[in-house]
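Just so you know, residue 1 is the first one in the sequence shown, and it goes up from there.
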Amino acid sequence: SAGSVAMEGGEGGGWRTAAQLLFRSPELLKAVFASGLLAAATVMSPATPLVLVELRSELWGDHMADYMALVNSANGVVAMAFSGSFGRLGDRIDRRAAMVLVGVMGFMPSWALLLIGQNSDGLAAWSVFTVVGGVACITVSGCPTCYALVADVIPPGEREIAFGCCFAGVVLIAISANIGGLMVNALYGGSHKAILLYCFFISMLFFATVAFVRIPGQSKKVDTTDVLEEGAPEEGHSVADDIAATVIGHDPGANLEASGVGQPAVQSSPGTHPELSDQHGIDRRGEGDTSSVSTTTGSGSCSSKNVGAGMCAFTRDAARAIVAPARLLSQHRSLRYLCAVAALVSLPEIMLTDVSAQYALNQFDLIASHDGARQKEVTLLFQWPGYALLLPAFVLTGVVAKLVSSLRLLRWLVLLTGLMTSLPVLLRFLPRMWLVPVVGVSVPLAMIVF
């Protein structure tokens with residue numbers, strides 16, 4: 001991950017370099033803070049262990065895992081269907097506006113619980129908005145739009161360390177926010193409404209932080225489509241780049257360029273900086289100058305001057321996003337194997353995510369008892385030790401990746417992931433509270449293989 005590479009070091013990198021970058025880049029600090037707040041009120045929200053688990057166990061009972069699997073599956077389908085289009089939209093509009101949209105989609109589930117109530121209707125609304133929120137692709141390791149905002153406020157040569165700061169900030173800020181959630185829970189006697197109001201406060205702080213982010217030039221946008229087409233920058237390869245280079249044998253981006261997939265014809269404008277645009281796909285056109293970029297495909301052309309041409313460009317980009325990876329996979333057998341391994345490794349983690357809450361509660365017979373305090377205790381012990389270890393685990397992975405080949409490390413991590421995802425079965429034979437955090441770390445830490 002970018003976090004492990006940047007935070008463990010690199011070319012003069014390390015914690016001191018990251019701290020210096022944050023100190024001299026206040027806009028980066030704001031972007032990292034906003035990213036952490038987003039995670040703290042969505043995927044790593046204190047409302048999950050302190051409100052939702054108790055509410056699900058009361059209303060869904062023994063169907064907790066069934067219904068959560070349906071919600072998570074629908075969320076994933078929505079993400080696959082619409083996240084690419086949303087990413088391209090974020091490349092075309094003000095990045096802060098895209099962040100606001102991400103925040104609204106991410107916070108709507110908890111807002112629904114607060115406004116409708118902590119009852120069956122509120123939980124149903126939470127489920128619906130969680131599915132819709134899949135468009136934003138908010139995960140434990142961050143959100144694509146957040147990393148795009150980080151790229152907007154930082155020069156290209158410092159982005160690797162900036163991405164590491166963002167990953168570390170997401171984890172640390174989310175953990176800090178959850179500690180605050182525990183304090184609110186203790187002060188207000190476990191009130192669900194108090195926890196949800198605390199999450200609402202975090203969401204408002206997120207919007208305020210995004211509003212104060214200043215993007216240099218107000219028109220710098222990282223076009224992820226262009227990055228896919230033109231290949232990654234030569235400087236600062238990540239561990240994933242090393243794996244791809246090992247498996248495929250050359251830079252994956254070079255194949256797309258050679259095959260002619262999606263090569264737009266860009267006409268420079270007076271405000272364009274070619275030395276940055278060529279390497280990183282940065283659009284530096286002035287806000288009022290939208291006619292200087294045109295893209296041709298076949299005998300027709302797409303212009304941003306009318307809605308029809310805009311739809312043409314949208315359709316072309318969507319098709320390109322599907323065709324380019326498919327063509328790359330068709331040409332490299334080893335890459336197909338690598339993708340198959342990633343899919344197989346992810347299956348146990350996905351299933352554990354769906355069933356882990358109900359499984360942990362069932363081992364102590366807590367679903368039928370409706371003991372809210374005990375349910376919160378088990379859920380917190382099962383989830384948060386693993387999240388707290390995420391950052392050092394990724395850092396350690398980055399250190400080891402510098403010492404051995406990425407492919408060799410991947411093989412060992414696949415075995416380690418298989419071992420960790422089998423640990424929760426120990427609770428079945430030894431239901432002890434001290435064992436809950438030991439087996440609970442397996443679910444989040446299984447992500448290090450990715």
Chemist: Under 3.5 Å, is there a donor-acceptor pair between the H192 and E54 side chains?
Modeler: yes
Chemist: Would you mind telling me which of V441, V439, L380 makes a side-chain contact (heavy atoms from CB on, under 4.5 Å) with P385?
Modeler: V441
Chemist: If you define the side chain from C-beta out and look only at heavy atoms, does anything of F207 sit under 4.5 Å from V104?
Modeler: yes
Chemist: Can you confirm whether H63 sits close enough to R56 that some side-chain heavy atom of one is under 4.5 Å from a side-chain heavy atom of the other?
Modeler: no
Chemist: Determine whether K30 and V210 make a side-chain contact, defined as any pair of heavy atoms from C-beta on separated by less than 4.5 Å.
Modeler: no
Chemist: Can you see which heavy atom on R336 is nearest to which on L329, and at what distance?
Modeler: NH1-O, 2.7 Å
Chemist: Begin from the C-alpha positions of L344 and V414 and carry the test side-chain contact (heavy atoms from CB on, under 4.5 Å) through to its verdict.
Modeler: CA-CA 10 Å; L344 292 173; V414 169; over 6 Å; no
Chemist: For the pair F364 and M433, evaluate side-chain contact (heavy atoms from CB on, under 4.5 Å) and give the outcome as yes or no after the intermediate values.
Modeler: CA-CA 9 Å; F364 298 92; M433 288 298 293; 3.9 Å; yes
Chemist: State the OG1-CE distance between T139 and M44, to the nearest 0.5 angstrom.
Modeler: 10.0 Å
Chemist: Mark yes when over 12 heavy atoms from residues, nucleotides or ligands other than M204 sit less than 6.0 Å from its CE; otherwise mark no.
Modeler: yes
Chemist: In terms of the angle between their ring planes, are W111 and F107 parallel, tilted or perpendicular, with boundaries placed at 30° and 60°?
Modeler: tilted
Chemist: Could you state the interatomic distance from CD (Q20) to CD (E158), rounded to the nearest 0.5 Å?
Modeler: 10.5 Å
Chemist: Can you tell me how far CZ of F129 sits from CG of N75, rounded to the nearest 0.5 angstrom?
Modeler: 14.0 Å
Chemist: State, with a plain yes or no, whether a side-chain heavy atom of C143 is found less than 4.5 Å away from one of V102.
Modeler: yes
Chemist: Determine, step by step, whether M108 and W126 satisfy the side-chain contact (heavy atoms from CB on, under 4.5 Å) criterion, reporting the C-alpha distance in whole Å, the side-chain angles of both residues, the deciding distance to 0.1 Å, and the verdict.
Modeler: CA-CA 8 Å; M108 278 301 295; W126 176 89; over 6 Å; no
Chemist: List the steps, then state whether side-chain contact (heavy atoms from CB on, under 4.5 Å) holds for R95 with V153.
Modeler: CA-CA 10 Å; R95 191 75 68 191; V153 300; over 6 Å; no
Chemist: Would you name the heavy atoms of Q375 and L366 that are closest together and state the gap between them?
Modeler: NE2-O, 2.8 Å
Chemist: Is any side-chain heavy atom of Y359 less than 4.5 Å from a side-chain heavy atom of R428?
Modeler: yes
Chemist: Within the 4.5 Å heavy-atom criterion, are R214 and R96 side-chain neighbours or not?
Modeler: yes
Chemist: If we ignore hydrogens and angles and just use 3.5 Å, is the side chain of N362 paired with the main-chain N or O of D365 as donor and acceptor?
Modeler: no
Chemist: Please report the closest heavy-atom contact between M99 and A34, naming both atoms and the distance.
Modeler: CE-CB, 4.3 Å
Chemist: Taking S191 for the side chain and A194 for the main chain, is one N or O donor matched with an acceptor at less than 3.5 Å?
Modeler: yes
Chemist: Rounded at 0.5 Å granularity, tell me how far OG1 in T379 sits from CG in L52.
Modeler: 10.5 Å
Chemist: Donor-acceptor pair, S330 side chain versus R327 backbone, under 3.5 Å?
Modeler: yes
Chemist: Y198 side chain to P46 main-chain N or O, any donor-acceptor pair under 3.5 Å?
Modeler: no
Chemist: Between V77, N72, V71, which is the residue that forms a side-chain contact (heavy atoms from CB on, under 4.5 Å) with V131?
Modeler: V71
Chemist: So which heavy atom on A177 is nearest to which on I202, and how close?
Modeler: CB-CD1, 4.0 Å
Chemist: Looking at F200, is its backbone amide N or carbonyl O close enough to the side chain of S203 to form a donor-acceptor pair, meaning the two atoms are under 3.5 Å apart?
Modeler: yes
Chemist: Who passes side chain to side chain contact (heavy atoms under 4.5 Å, CB included) against R411, sequence neighbours left out?
Modeler: L407
Chemist: Under 4.5 Å between any side-chain heavy atoms of N178 and L50, yes or no?
Modeler: no
Chemist: Which atoms form the tightest heavy-atom contact between G418 and T421, and what is the distance?
Modeler: O-OG1, 3.1 Å
Chemist: If you define the side chain from C-beta out and look only at heavy atoms, does anything of F86 sit under 4.5 Å from T145?
Modeler: yes
Chemist: Got a donor-acceptor contact below 3.5 angstrom from the Q363 side chain to the P431 backbone?
Modeler: no
Chemist: How long is the span from the CG atom in L37 to the SG atom in C199, to the nearest 0.5 Å?
Modeler: 11.5 Å
Chemist: Tell me the closest heavy-atom pair linking L38 and G103, and the distance in Å.
Modeler: CD1-CA, 4.0 Å
Chemist: Would you give the length of the straight line joining atom CG of L335 to atom CG of L328, rounded to the nearest 0.5 angstrom?
Modeler: 5.5 Å
Chemist: Any sub-3.5 Å donor-acceptor pair from S25's side-chain atoms to E27's backbone N or O?
Modeler: no
